[in-house]
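A quick write-up on the structure given underneath.
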Amino acid sequence: MALTEENPGYKWVGTRPIRPDGLDKVTGKAQFGADLTLPGMLFGKVVRSPHAHARILSIDTSAAESMLGVKAVITGSDFPDLAANGAHASDIDVANNAIARDKVLYEGHVVAAVAATTRELAEAAAKAVEVSYEILPHVLTVDEAMADNAPLLHENMITKGVDPAPDQPSNVASRIVHERGDLEQGFGEADVVIEREFTTKPVHQGYIEPHAAVADANNDGRANIWCSSQGHFAMRAYTATVLGVSQGTLKVTAAEIGGGFGGKTVIYLEPLAVRLSQRSGRPVKLVMDRDEVFRATGPTSGTRIKVKMGISNGGELTAAEVWMAFEAGAYAGSPVGAAGMTVIAAYDIPHFLVEGYDVVCNKPRVAAYRAPGAPMAAFAVESVLDELARSIDMDPIEVRLANAAVEGTQASYGPKFPRIGFVETLEAIKEHPNYTAELGPNQGRGVAAGFWFNAGMNSSATVHVNENGTATVVTGSPDIGGSRQSMALMAAEELGIPYESIKPVVADTETVGFNDVTGGSRVTLATGAAVVDACRLVIEDLRARAAKTWDVEIDQVEWVDGQAQHVDGSQPPLSLNALAAKSGRTGGPISANASLNARGVGAGFSTQLCDVEVDPETGVTRVVRYLTAQDAGRAISPDYVEGQMQGGVVQGIGWGLNEEYIHDENGAMENPSFLDYRMPVASDLPMIECSIVEVPNPAHPYGVRGVGEVGIVPPMAALANAIKDATGVRLTDLPMTPIKVLEALNEQSD
Amino acid sequence: MKYAAPSSVEEATSLLSSSPSAQVFAGATDVVPQIRGGRQAPEVLVDLKKIDQLVALTSDDKKWTVGAATPTVDLTENPGFSQEFPGISEAAGLIGSDQIQSRSSLGGNLCNGSPAADSVPAMMVNGTRALIAGPKGNRLVDVSEVVTGPGQTCLDSDEFIVEFEIDRAPSLTGDAYLRMIPRTEMDIAVVGAGARVTLGEDGTITAAALALGAVAPTVVRVTAAEEALIGTTADEDTLAVVAAAASEVCNPIDDKRGTIGYREQVAGVLAKRAVLIAMERAQQRNGNV
Amino acid sequence: MAQVYFSAGLRDLTGGVAQVDVQASNVRRLIAALDEMFPGIGERLSEASSVAIDGEILTDAEYESVPDQAEVHFLDILQGG
Amino acid sequence: MARTHITTVINGDEVDFLTEDSTSLLNALRDEVGLTGAKEGCGTGDCGSCSILLDERVTCSCLVFAPEANGANILTVEGLTDAGELHPLQQCFLEGAALQCGICTPGFLIAAKALLDKNPDPTETEIRYALAGNLCRCTGYDKIVRAVQEAALQMREQ
């Protein structure tokens, strides 16, 4: 593999070899969540609420239980009552979301589950479970949920973060606020002030693989779980909580995961599968249908956001006022906190007030989705920024450059930024030929930017040197987008052996130390750092063994290009191969573990440029050109960095143009299918051009920043700004469907 | 649920007559999701694809005959058919993905009874007739009369469509089908428009047909527009009348896929555009059918 | 002395104070010192916060050392996708 | 309940299996035959993850009743490899990083093979429309389209 131009100093980092798990995935061998079959395995099926909000009066399982071939039927009463046991509120929510007890809080909420010898029987048995409900009035949006006298989901919910605390319960779980300077002064200093209101709909992560879990419980209380998740350690913890058992009784193996984007960091099926397996004494497989995935998992929040911003004629932002309300779904925990922290963080604004509300409503509990909270916030602020730039006749990149956060800027959420690459992404767009490419009739161009923190958190890795001089790199981070490749590249770089000699493995919860979920764009950074640490321990050991072999002190031994060398060249080098082959004589097998809570997280920025063409008679928007520039810190695996950038953009395009949850008046989802949810298909899109910007993160051994999430932050505003440029109309409600575009065009021409 | 695959029309007819709850299917691309979604639960599934007559595609001097279960890919990949009826061919090519078109059929698309069925406006403007078989014998019904309401047809439970007949297109005749969907593929039409025109030697329209999908409980003809087109060259003024007539004839609903106002407005736009494409094709097809 | 900043959401517990100087060697001791100044804040800070020390956001940072002159911010815990 | 005996040729081998009549061919392949390469992403023909070639035509196996396959010739992703040699599409997907999570990959490979069997030199637009029945949520399709272009080129040059 040739050295790359970008990384002349590295042999492996920054190259584009074939991914280690690729062969299994192009030949159909890879085992995903639903692919495992165990001897004697039963098929499970979940019974779900048809109502958005109802009290469960009774559940009659007798008809289902009496069916031939039905081996187990469970309901909420088969699980411990965590509330009665004094558990933490967030654990109680997890348990109640896994299976309802007194009330169902959304259409699709689990009320029971069955296991039977065939799929068909399980489906018939699920239909035979009779549930009697008292239907309660429901609230679907933040507007309905925050209205006076709105029906309450939780009778004891007192809004947190309000001083003094309210004396009445409401659907508002909490309030967040960020404030600096003097708003009045800031708006007074502005030459132009623009105020707009935005709404966005819940959107689903849209992974193609439905949730799936297989559980096999033993008589002694232990159970094995195979599941598709972004973190099998987290699944172990959640499942133990819901079942009321010790984590030590559960072993969780990560199947290959068919997409997650945040939506597989939470549990749905695992505790049900374990309980069904315990009751039946047989292994049980539970797999969701697509409509269950839509009705009961994900999505991210629908929102209402108001933004008021001021700018001077010279292009300096003077003040910003933001009000946001985020749907949390059935239980507290929308990403409004992150939205509040990110909404204006990309810019240096002296005076601001950001206020946000976390609001429960009768929809599925929201789950993390790629940079949770940031995309909706950026849609609002980047749209207003576009209006401001137009109002003072300033180039949209220049206005962002004039206000961009740089190293040392006091971020709106508190601390000063370390070295970041926002300006570099803006410049990458500005210098790209797309920025000045000619536009055709009915075409328009939009720019938008985005910021995301990225995460560190806990990771463990083990590196084993095999007797033939190859190495096995064991981690516990499910590989969702090619991370095994980046682990192998860094290990090859460290050990000085070929990439092909490294076998990266994702091990079960009993085989490797703890790892937090694959999320927050953290794996290459944090698990990568654990791999690097473990490799360095191995090298230390190899040097010691070489020193022993040569009878010299360890400081006389260097590790260069995969071999031990004596500093003065007085000994013939000892390769990893040679040392491994004789490891028994020098102290036994060579192996090292590293575990860490990763420090040195590097923030991510993305700037994107979008050209659209709008059919003025039908309102249909087509993306004709798209360019994304993102600071990766260092692209360990450029193929998969681009993949993250492109994937994030296209999810954002779907969010911007077509994707939404549509509910009927009873609170039932009307479009729980890929047909009517309308995610982008190949023919909807042009190539997504990538400009990888590399401003190395000084706190990481290879300069890594997370790359997975920030790409989804700018697209909705980039599209809205491009539509404005093409048509003159400003869309403020997502998705910007042909219907909404045409309505806006009609209004404009009236 | 039992599966049956009769090999003749007669066998299929007697099977349907003797089964109280039978569902015929061709590609099953609508039937499977309906069964899966619990919207129907037949006792017998009658697969029509093993009957040769139902999967044939032939032509003679007078007409094309399309088996009701013929996969739509057979139409889109048949150059003779696609040159003569590009509108039907492009409508057939819009029914779902390539995967779907390996299985979907004109018979299934029609009998599903959806007002948004893409092939129906295109078949209607070409005067397509359906040959329906049943225990009392065969009957020939104009396609425009088959669907009586959303999900409803004029077929008895023991009847099914055997084939479609489409008269050979005269020279100087062109057809077109357009639909509006939010994505570029894999959607149900929010509005669909099929048009056909025949020109006289002087280039003016001597015959016209225009049908709209997804804007009323069934596919509708826009007779006012058809009349307005006769004797014209589909000039701008006439097209404005066509568009207005198309919007006028709409009787749509607000649903998850579109609003009344949007459907009415875009029906006019697509009607106009479909007529223009049909005109262009008619001009190019001067006698060499 | 480290300079500790309180976000607007914490100022209900500090009586509106936005910044204080505190001498503490690690985050746990820092929180304890703050709790003495502003009773009740300790629980909120250790339960629901990340901490940023000189610009770096840290989770589970109880034993993280706090350099002299460091700038310290307490933040909401974040979730990633 | 009596099950139906189905005889097929799958990936070149004669295979027979028993099935309920209402079972989808996809579930029969996965549960009865043990070929789990084709995936169920939706069960309604909207995602293409279950794509197979059924008598040489690309088909969503979730929309086929298993008994329909009696006497049919089926190709699944497991049959793309020829005596251990990867199909050029498989090789180009690997080299072009045209997969991330990989769940949609078997369906894309089958749909792309169906395209190239018919049209050895497709344009980018033709590729995009031919693959419109296959959803991918990870890649944004860019690298998939490029991999198909590259495979088409290699196959033409062979």
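The model shown is predicted, which means the values in this text are computed figures rather than measured ones. Here is how names work: the chains are called A, B, and so on, in the same order as the sequence lines, proteins then strands, and each is numbered from 1.
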What distance separates [X] [atom1] from [Y] [atom2], expressed to the nearest 0.5 Å?
X: A/Glu123; Y: D/Ser22; atom1: CD; atom2: OG; answer: 9.0 Å
X: A/Ser228; Y: D/Ile103; atom1: OG; atom2: CD1; answer: 7.5 Å
X: D/Phe93; Y: A/Ile18; atom1: CZ; atom2: CD1; answer: 13.5 Å
X: A/Cys690; Y: D/Asp142; atom1: SG; atom2: CG; answer: 6.5 Å
X: D/Asp46; Y: A/Leu675; atom1: CG; atom2: CG; answer: 4.5 Å
X: D/Gln90; Y: A/Thr27; atom1: CD; atom2: OG1; answer: 6.5 Å

Option in [options] with maximal non-hydrogen atom pairs under 4.5 Å from chain A:
options: D/Leu80, D/Leu109, D/Asn27, D/Thr44; answer: D/Asn27
options: D/Leu94, D/Asn134, D/Val77; answer: D/Leu94
options: D/Thr105, D/Ile144, D/Thr139; answer: D/Thr139

Non-hydrogen atoms of [X] and [Y] that approach each other most closely:
X: D/Cys47; Y: A/Ile208; result: SG-CG2, 4.4 Å
X: A/Phe674; Y: D/Cys42; result: CD1-CB, 3.6 Å
X: D/Leu99; Y: A/Tyr640; result: O-CE2, 3.2 Å
X: D/Cys138; Y: A/Phe261; result: SG-CZ, 3.6 Å
X: D/Lys143; Y: A/Asp639; result: CE-O, 3.2 Å
X: D/Gln149; Y: A/Met687; result: OE1-CE, 4.0 Å

Where does [X] contact chain A at under 4.5 Å (heavy atoms): side chain, backbone, both or neither?
X: D/Leu35; result: neither
X: D/Thr23; result: both
X: D/Leu135; result: both
X: D/Glu40; result: both
X: D/Asp31; result: side chain

With chain D as the partner, which of A/Ser637, A/Gly206, A/Gly481 has the greatest number of non-hydrogen pairs under 4.5 Å?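 Ranked by heavy-atom pairs under 4.5 Å with chain D, first place is A/Gly206.
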
Which residue out of A/Glu120, A/Met288, A/Lys29, A/Arg119 racks up the most heavy-atom pairs below 4.5 Å with chain D?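 Going by pairs under 4.5 Å, I would pick A/Arg119.
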
With side chains defined as the heavy atoms from C-beta onward, is the minimum distance between D/Val145 and A/Leu685 less than 4.5 Å?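 Counting from C-beta outward, D/Val145 and A/Leu685 never come under 4.5 Å.
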
Relative to chain D, which segment of [X] carries a heavy atom at a distance below 4.5 Å: side chain, backbone, both, or neither?
X: A/Gln485; result: neither
X: A/Asp35; result: both
X: A/Phe43; result: side chain
X: A/Ile653; result: neither
X: A/Tyr207; result: backbone
X: A/Ala30; result: backbone
X: A/Ile480; result: backbone

State whether the side chain of [X] and the backbone N or O of [Y] hold a donor-acceptor pair below 3.5 Å, judged by distance alone.
X: A/Glu209; Y: D/Gly41; result: no
X: D/Arg137; Y: A/Gln205; result: yes
X: A/Glu256; Y: D/Cys101; result: no

Exceeds 12 heavy-atom contacts within 6.0 angstrom, atom CD of D/Glu56: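 Open.
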
